[in-house]
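Here the structure is laid out as structure tokens; the discussion comes afterwards.
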Amino acid sequence: MALTQKHPFCHLIDTLRSEQYEERRYFNLQKLSDVRYEKLPFCMRVLLESAIRKCDGLYIKTDDVSSILDWQTQQNQAEVAFSPARVLLQDFTGIPAMVDLAAMRDALAKQGVDPNLVNPRCPTDLIVDHSLQIDYSKCAIQSPPTPTDESHGAAVRSPAGRPSPRGSSSSGHCAGQRPGHQGSCSKSSCSDAPSGRSAAVQIENTPLLCPFHLQPVSEPETMIRNQEMELIRNKERLQFFKWCSKAFKNINVVPPDINAVHQVNLEYLCQVVQEGEGFIYPDSVVGTDSHTTMINGLGILGWGVGGIESEAVMLGQPVSLTLPQVVGCKLVGTINPLATSIDIVLGITKHLRQAGIGGKFVEFFGPGVQQLSTPDRTTIANMCPEYNATVSFFPVDDVTLQHFKNTICSEEKLVVLEDYLKAIKLFRSYGDQSDEPQYSEVIEMNLSSIVPHVSGPKRPQDRVAVTCMKEDFINCLNEKVGFKGFHISKEKQATQVPFLHKGAEYNLAHGSVVIAAVISCTNNCNPSVMLAAGLLAKKAVEAGLTVKPYIRTNLVPGSGTVTHYLNTSGVLPYLRKLGFEVVGYGCATCVGNTAPLPESVVDAIKQGDLVACGVLSGNRHLEGRLCDCVRANYLASPPLVVAYAIAGTVSINLETEPLGVNLEGKDVYLRDIWPSKEEVNHTEENIVIASMFKELRSRMEKGSTFWNRLESAESALFPWDPKSTYIRCPSFFSKLSKEVCTPQSIEGAYPLLFLGDKVTTDHISPAGSIARVSAAAKYLQSKRLTPREFNSYGARRGNDDVMTRGTFASIKLQNRLIGKTGPKTLHIPSGQMLDVFEAAERYQRDGVPLIILAGKEYGSGSSRDWAAKGPYLMGVRAVIAESFEKIHRNHLVGMGIAPLQFLPGQNADSLELYGKERFTINLPQELTPRQQLTVKTSTGKSFSVTALFENDMDVAFFRHGGILKYVARSLLL
């Protein structure tokens with residue numbers, strides 16, 4: 001609604017005045033003269049400002065404002081609507097959202113409605129950053145990739161028959177060279193020699209073997225080649241994104257090879273204070289990535305939502321949420337000099353997870369907060385999904401202002417920002433304790449108690465002190481298979497398997513490191529930990545230490561800023577010397593896009609049934625996610641990733657055992673090469689300066705030559721290519737009508753799957769590579785694609801045929817119907833064991849509805865809309881589980897799937913359900929939030945479940961068959 005005298009809170013409109021800037025209007029919340037406002041946590045004040053400013057009596061009502069003011073008594077009870085300032089998409093989750101909007105345009109056009117009405121109403125940014133795969137690394141020993149132009153259906157090949165990237169030469173010189181470079185590949189001394197004592201410590205260009213000619217290539221080509229492969233492999237998707245940038249209003253597309261999504265958000269998109277419709281107001285954001293929470297470290301309220309929810313916000317619908325409890329996390333004590341921000345993150349992760357704060361907001365305060373730099377805060381906020389909080393909020397204070405002064409804010413903007421936040425009491429002053437907010441509860445964390453830790457081997461909350469790592473790993477070998485155990489018999493724990501790599505012999509054992517990745521997302525925004533890794537590498541090289549050449553090492557910064565300061569500080573050549581080369585920008589290792597391990601390494605692991613290890617500085621490390629044959633994966637700070645790579649094993653006590661031997665034959669310990677806090681801070685202060693951010697912003701705004709020259713359609717409707725295997729028009733709107741049907745009871749449904757606890761979205765909808773024997777692979781092969789052309793599930797999220805076949809395709813899926821691990825299930829009527837997709841297809845053909853039985857925390861992990869869309873297209877009508885991850889529950893509702901929860905104390909086992917019964921679920925015509933429903937089985941059992949519709953909007957979405965149809969129907973009326 002227009003902000004006029006009719007606005008219910010027009011009396012709060014005020015003017016911000018100063019000689020240093022033009023006047024700005026704003027809603028002055030202090031004019032409420034309400035003591036309740038003074039006691040609200042800062043994150044709740046942001047919600048309140050939005051509710052007041054956007055109050056229109058339709059989506060956001062005065063009751064919402066009253067509920068937020070009464071937060072102390074309304075938390076966990078009242079439902080309120082929140083309209084964020086903007087929406088953030090990354091390409092893996094963004095492409096299905098944009099494909100859905102394109103399909104909605106088609107559906108409305110068929111109904112005679114102008115398709116141009118379908119546009120994001122909320123400012124939306126889409127960052128193309130998740131399509132990078134590592135085809136080239138320091139060894140580049142994998143088979144050469146085959147770039148494909150799917151529009152012509154053929155791989156681009158050199159005259160000699162070798163696959164060759166488009167634009168490369170095959171006339172005898174290396175395909176890895178820059179265009180225009182003539183002559184054969186030059187050779188320099190190789191860092192891939194067997195580890196041991198180094199002959200020299202001077203830094204030379206790290207040799208990289210071109211996979212086309214097996215000749216050395218200069219290091220910068222590592223990144224250039226990977227980027228070229230990314231652009232060629234994803235041309236169709238990029239053309240679609242380019243069309244979106246032109247066809248839709250109010251959307252900004254950041255092209256690939258610029259930045260990772262969270263870096264873009266931190267360095268470019270964030271405003272803290274936004275301006276629009278003649279007013280200034282706090283910045284806020286919802287994003288299609290669970291780690292959108294990173295932005296809370298800058299005092300900007302934001303959290304991850306599903307792609308389905310994000311589409312609704314893009315189209316003008318507010319986010320509906322139950323007023324959360326807000327836990328105050330009081331930080332006290334002094335930080336241990338050896339503890340990095342990752343140690344602090346993992347310490348807080350375990351502390352808060354044990355406190356049981358699932359679904360709550362966390363707000364940090366106390367004297368310890370001032371010791372944390374802004375990058376430290378964003379690193380901590382980034383990990384809040386791992387301790388299951390919705391938000392981890394650091395209010396703006398002097399440290400935040402200094403950060404903006406050094407990076408992206410002009411002097412005028414900085415003054416406006418400070419004046420405005422102080423005017424509405426959104427600025428935190430730790431010297432004034434008189435206006436301390438009231439929290440639902442307070443948890444105290446002593447920073448001095450934190451010592452260096454890693455996290456693993458399978459879950460981020462399982463922390464292990466570095467000093468206890470060796471002992472803990474041995475315990476993991478002994479324990480039965482579970483969240484920490486591998487159940488390796490005592491007599492096999494000393495197994496060593498010799499193998500050859502590049503003519504030299506090595507040995508692999510349990511605990512051997514085969515992947516070491518300093519990657520994007522968690523650490524790339526934090527100069528201190530990245531510089532610490534570089535300084536440690538420098539000292540290691542100077543001491544004559546090396547990394548074994550078969551270890552798959554890589555450095556994938558999320559931002560050119562990181563590369564800039566690593567290079568400017570002089571540490572990048574030392575990282576490169578140890579094999580940590582910049583291979584590109586974007587998400588890679590975390591989402592399973594690591595290049596294949598050397599075959600000799602894989603064979604050795606399989607021969608000895610070894611528990612090989614990966615060490616990474618990311619935020620996700622579920623078993624098998626990095627590589628199928630790497631069972632143990634540990635999250636660690638970047639310097640510790642480098643340290644474990646040098647050691648070559650995690651079965652080591654870094655405090656008492658040496659990493660290696662120096663040039664003089666003396667043992668070198670971690671303490672000998674660990675950089676001091678003073679060294680790191682000095683380097684950070686002198687390197688991380690405003691010029692780097694300005695340069696990056698300029699590069700982002702200019703875009704890449706490839707993107708600028710990329711052709712795309714100019715039409716209002718997207719020209720779907722029936723031959724495309726990347727972009728297809730989904731069938732969600734195939735039966736769209738103006739009328740809303742009443743909910744139909746689910747009669748005689750069979751369980752498609754019978755699952756246990758902690759089934760993640762990785763199990764439900766994998767994002768990594770497409771297995772050659774999977775249903776999705778069979779589909780792609782039917783389209784005449786070779787395995788090297790499959791790309792990943794994440795890259796093909798714009799194709800519903802691939803994604804439906806990829807649903808429940810994880811090799812780690814444990815289905816009680818078949819009693820073993822794998823993407824199979826039992827087709828109950830025939831007794832046949834089939835691929836999950838094939839079984840669902842047969843049930844649908846026979847007109848049989850489906851349900852899923854599950855245990856606790858169903859749908860945990862990354863937010864993925866296809867984890868709900870896939871089951872929906874398979875014919876799943878309901879999921880009955882002990883508990884659900886919040887975002888995934890929202891997704892299920894958003895697709896018209898009923899999330900049903902067993903009553904407290906009950907589960908499938910206590911009810912003696914065997915998973916082969918038929919289930920009937922009675923759905924009343926007048927559904928209400930959290931209504932109890934009756935479930936009857938074909939064996940005569942009857943039990944009750946709670947329908948997890950949290951509010952009236954959830955019920956409305958379910959009645960419409962999902963949020964997409966709800967929005968589409970609103971445009972038909």
Side-chain angles (χ1 to χ4, degrees), residues 35-47 71-72 75-76 293-303 323-337 339-403 421 425-451 453 461 463 526:
V35 294
R36 293 174 296 174
Y37 177 68
E38 307 286 338
K39 295 301 180 182
L40 284 179
F42 283 76
C43 53
M44 289 295 102
R45 297 179 194 186
V46 177
L47 287 181
W71 167 79
Q72 281 289 350
Q75 53 187 291
N76 276 351
T293 53
M294 198 173 200
I295 202 66
N296 290 280
L298 297 180
I300 298 170
L301 186 63
W303 62 86
L323 275 178
Q325 290 183 312
V326 181
V327 177
C329 185
K330 186 176 184 179
L331 301 182
V332 299
T334 304
I335 297 174
N336 186 311
T340 68
S341 62
I342 303 307
D343 298 313
I344 298 170
V345 166
L346 296 178
I348 291 174
T349 297
K350 184 174 183 178
H351 195 71
L352 294 180
R353 193 161 189 124
Q354 289 176 340
I357 59 167
K360 301 177 184 178
F361 282 22
V362 176
E363 186 167 292
F364 292 89
F365 73 106
V369 174
Q370 293 176 291
Q371 299 177 56
L372 302 177
S373 67
T374 302
D376 288 336
R377 299 175 189 192
T378 54
T379 306
I380 293 168
N382 176 74
M383 288 292 279
C384 93
E386 311 306 335
Y387 44 84
N388 214 19
T390 302
V391 160
S392 289
F393 193 74
F394 287 85
V396 175
D397 61 7
D398 289 325
V399 174
T400 320
L401 290 183
Q402 186 62 39
H403 169 77
L421 294 180
K425 290 202 170 185
L426 277 178
F427 186 85
R428 192 67 148 103
S429 175
Y430 291 101
D432 183 8
Q433 302 296 320
S434 60
D435 293 330
E436 198 72 33
Q438 292 180 353
Y439 297 106
S440 306
E441 61 177 303
V442 173
I443 298 173
E444 187 169 291
M445 182 84 182
N446 192 330
L447 298 177
S448 61
S449 66
I450 296 175
V451 295
H453 280 75
Q461 65 265 36
R463 298 172 66 235
N526 197 317

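Throughout, numbering of the chain's residues begins at 1 and tracks the sequence.
Residues F394 and F365 place their aromatic rings such that the two centres sit no closer than 6.0 Å.
In terms of heavy-atom proximity, V369 sits nearest to R377 at O-NH2, 3.2 Å. Contact detail for L301 and N296: the closest heavy-atom pair is CA-OD1, 3.4 Å. Minimum heavy-atom separation, Q72 to Y439: NE2-N, 4.4 Å. Across C384 and S392, no two heavy atoms sit closer than the pair CB-OG, 2.8 Å. A pairwise comparison of heavy atoms in P324 and W71 identifies O-NE1, 2.7 Å as the closest pair. For G297 against A381, the heavy-atom pair with the smallest separation is N-CB, 3.7 Å.
Distance check: D397 CG to T374 OG1 gives 7.5 Å after rounding to the nearest 0.5 Å. Residue I357 holds its CD1 atom at 8.0 Å from SG of C329, rounded to the nearest 0.5 Å. If you take CD1 on I300 and CE on M294, they are separated by 12.5 Å, rounding to the nearest 0.5 Å. In this structure, the separation between CG on L447 and CG on L331 is 5.0 Å, given to the nearest 0.5 Å.
Note on K330 versus E363: no salt bridge recorded, every NZ/NE/NH1/NH2 to OD/OE distance being 4.0 Å or above. Between K360 and E441, at least one side-chain N (NZ, or NE/NH1/NH2) sits under 4.0 Å from a carboxylate O, which counts as a salt bridge.
In this structure the side chain of F393 never reaches within 4.5 angstrom of the side chain of F364, judged on heavy atoms. Annotation: side chain of L40 is not in contact with side chain of P437 (no heavy-atom distance under 4.5 Å). L401 places a side-chain heavy atom less than 4.5 Å from the side chain of V396. Side-chain contact between V391 and V362 is absent, with no heavy atoms from C-beta onward closer than 4.5 Å. Residues F361 and M44 are in side-chain contact: their nearest non-hydrogen atoms beyond the backbone lie under 4.5 Å apart.
The cationic atom of R45 (NZ for Lys, CZ for Arg) lies less than 6.0 Å from the six-membered ring centre of Y37 and within 45° of the ring axis.
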Stepwise side-chain contact (heavy atoms from CB on, under 4.5 Å) check, V46 with L426: CA-CA 8 Å; V46 177; L426 277 178; 4.1 Å; yes
Please assess V332 against M445 for the test side-chain contact (heavy atoms from CB on, under 4.5 Å), listing each intermediate value before the final yes or no. CA-CA 6 Å; V332 299; M445 182 84 182; over 6 Å; no
Is there a side-chain contact (heavy atoms from CB on, under 4.5 Å) between V399 and L372 once you walk through the steps? CA-CA 8 Å; V399 174; L372 302 177; over 6 Å; no
Assess the residue pair L323 and N76 against the criterion (side-chain contact (heavy atoms from CB on, under 4.5 Å)); give the C-alpha distance rounded to whole Å, side-chain angles, the decisive distance to 0.1 Å, and a yes or no. CA-CA 5 Å; L323 275 178; N76 276 351; over 6 Å; no
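Under a 3.5 Å cut-off, the side chain of H351 and the backbone N or O of E444 do form a donor-acceptor pair. In terms of modelled atom types and a separation under 3.5 Å, the side chain of Q371 and the main chain of I335 share a donor-acceptor contact. Side-chain N or O atoms of T390 include one that pairs as donor or acceptor with a backbone N or O of G359 at under 3.5 Å.
Neither side chain, N446 nor S449, offers a donor N or O lying under 3.5 Å from an acceptor on the other. Between the side chains of D376 and T379, no donor N or O sits under 3.5 Å from an acceptor N or O. Q75 and S440 are linked by a side-chain donor-acceptor pair at a separation below 3.5 angstrom, with hydrogens and angles left out of the test.
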